[in-house]
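Being a predicted model, the structure only gives us computed values, none of them experimental. This chain uses plain numbering: 1 for the first residue, then up along the sequence.
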Amino acid sequence: MQEPPLKRRLVIVDDDQFMLTMITAMLGRIGEFDVQGFTDAPAAFRSIRDAAAPPDLVILDINMPEMDGMAFFRQLADIGFRGCVALCSGESDSMLRTSAQLARSYGLRVGGTLPKPPRPDLLRTLLAQCEGERESRRSPANGRERRPEELRDAIEAGDIFCVYQPKIDISSGRLVGVEALARWRHRTDGIVPPAEFIPMAERTGSMPALTRCVFDLALGQLARWREAGIDLIMSVNASVHDLADLSFPDFLNGCAERHRVNPAWVIIEVTESGLTEDERLLVEIVSRLRLRRFQLSIDDFGNGYSTMAKLRDLVFDELKIDQGFTHGAASDERKAAIFHASVQIAKRLGMKIVAEGVEDQADWDFCRINGADVAQGYFMSRPLAPDAMEAWLAAWRLRHGAQFPDGVEASS
């Protein structure tokens with residue numbers, strides 16, 4: 001006889017008993033759940049911490065006595081909570097967004113937010129979002145942790161490959177570049193997404209070998225495209241380890257010479273977290289890269305805290321506005337304000353502006369109207385295998401060529 005499926009476990013934390021009763025009743029009408037409600041946040045946390053099977057979802061009012069949502073997030077992170085967190089509050093939208101961002105910064109999975117009083121349709125949507133969040137993070141190998149030696153063996157065996165996401169000039173519609181993105185073709189588990197191996201590589205010292213592997217693959221592909229008459233600029237990510245390694249500029253120079261690639265055709269993308277605090281070392285390495293004519297881009301702009309000082313002290317060619325400030329900015333005043341400020345900073349410093357996360361026509365139109373030079377995102381294309389680039393370019397031309405008087409071929 002087949003056993004019935006296990007009920008999803010939910011914990012609701014709210015100091016208003018009426019709200020607990022209301023949400024529990026709504027859940028009962030939606031499906032089968034094992035629900036625990038708490039008006040006392042410390043008691044709720046102890047229940048989660050000590051449970052043999054932690055809950056799948058915690059619905060939390062962030063404005064609680066004794067332990068507010070911020071403290072609750074921190075303590076959930078401290079015990080390694082792997083379920084989903086949802087916020088239910090009467091606080092402002094901006095406060096909910098800030099709280100959700102803080103929870104994510106602790107490594108928690110945030111499924112969404114609910115206003116007060118909650119509505120059944122919004123609760124259903126929230127449950128679906130939490131389920132989708134859980135599925136998206138599920139490992140193809142049934143949650144098996146990757147071992148550092150697996151990745152090292154994969155690099156040596158040639159199991160790392162690159163896909164390439166197009167970058168489009170907004171004013172002309174032309175393909176001007178691509179960003180190389182690493183993937184791992186596992187011998188038994190199939191394609192391993194970067195979220196499953198990049199953080200591990202950073203933690204375990206495998207990042208320098210992985211970065212060098214990706215640069216070698218990307219510059220080799222760039223040379224093949226250039227020989228075929230597709231004149232692209234190749235963007236590749238560098239890590240904090242690379243920008244603290246005095247041998248990195250020599251490696252890149254040698255890699256470019258080996259593939260007969262002009263360094264000016266290569267953009268090295270660095271995030272703020274990749275900008276080492278050793279100022280003298282950073283300035284030396286960046287200066288040597290610029291002397292060799294490699295271009296430099298600051299990635300995910302707006303997500304850090306010390307970027308302004310780096311922009312003051314270092315010369316970058318490109319600023320990439322993070323997708324969190326691009327997608328939906330047309331209808332979000334706060335995102336739009338940050339986008340506008342980023343554009344103004346980049347223009348004053350003579351930098352090209354790349355908008356990441358362009359996912360629909362509204363994003364494209366917003367970026368075009370508000371000063372971005374280049375767009376990157378799913379509206380144009382998902383990352384592509386090298387042999388799919390030509391077919392994608394033809395489809396892009398058919399889909400959007402009418403918007404541009406000179407067509408949308410690759411840039412020269």
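Side-chain contact of Ser235 with Lys167: a donor-acceptor pair under 3.5 Å is present, judged by distance alone. At a cut-off of 3.5 Å, with distance as the only test, no side-chain donor of Arg49 or Gln75 sits close to an acceptor on the other residue. Counting only N and O atoms by type, the side chains of Glu179 and Gln376 include a donor and acceptor under 3.5 Å apart. The closest side-chain donor-acceptor pair between Ser247 and Asp250, if any, does not fall under 3.5 angstrom.
A donor-acceptor pair is defined here as one N or O able to donate and one able to accept, closer than 3.5 Å; such a pair exists between the side chain of Thr211 and the backbone of Met207. In terms of modelled atom types and a separation under 3.5 Å, the side chain of Asp14 and the main chain of Met19 share no donor-acceptor contact. Side chain of Asp68 to backbone of Ala71: a donor-acceptor contact under 3.5 angstrom is found. When atom types are taken as modelled, the side chain of Arg292 and the backbone of Arg288 share a donor-acceptor pair closer than 3.5 angstrom. Panel note: side chain His340, backbone Asn370; no donor-acceptor pair is recorded below 3.5 Å. Between the side chain of Trp364 and the main chain of Met380, no donor-acceptor pair closer than 3.5 Å is present. His186 contributes a side-chain N or O that, together with a main-chain N or O of Thr188, makes up a donor-acceptor pair within less than 3.5 Å. With hydrogens and angles ignored, the 3.5 Å screen pairs a side-chain donor or acceptor of Asp360 with a backbone N or O of Asp363. Without hydrogens or angle criteria, Ser381 side chain to Gly377 main chain gives no donor-acceptor distance under 3.5 Å.
Arg104 contributes atom CZ, which lies 11.0 Å from atom OG of Ser99 (distance to the nearest 0.5 angstrom).
Among residues two or more places apart in sequence or in another chain, the side chain to side chain contact (heavy atoms under 4.5 Å, CB included) test is passed with Ser331 by none.
The number of heavy-atom neighbours closer than 6.0 Å to CZ of Arg382, taken from other residues, nucleotides and ligands shown, is 12 or below.
For the salt bridge (charged side-chain N to carboxylate O under 4.0 Å, His left out) with Asp317, the qualifying choice from Arg290, Arg293, Lys352 is Arg290, the only one to do so.
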Compile the donor-acceptor pairs under 3.5 Å between side chains in residues 384-391 and protein atoms, sequence neighbours left out, one pair per line.
none

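Proximity of the aromatic rings of Phe45 and Phe38 is defined here by a centroid distance below 6.0 angstrom, and this criterion is not met. Aromatic ring centroids of Phe294 and Trp265 lie 6.0 Å or more apart.
Contact annotation: the side chain of Phe248 approaches that of Phe215 to within less than 4.5 Å [non-hydrogen atoms, C-beta and beyond]. In this structure the side chain of Met95 reaches within 4.5 angstrom of the side chain of Ile62, judged on heavy atoms.
Residues in residues 237-249 take part in these salt bridge (charged side-chain N to carboxylate O under 4.0 Å, His left out) pairs, two or more places apart or across chains: Arg212-Asp242, Arg212-Asp245.
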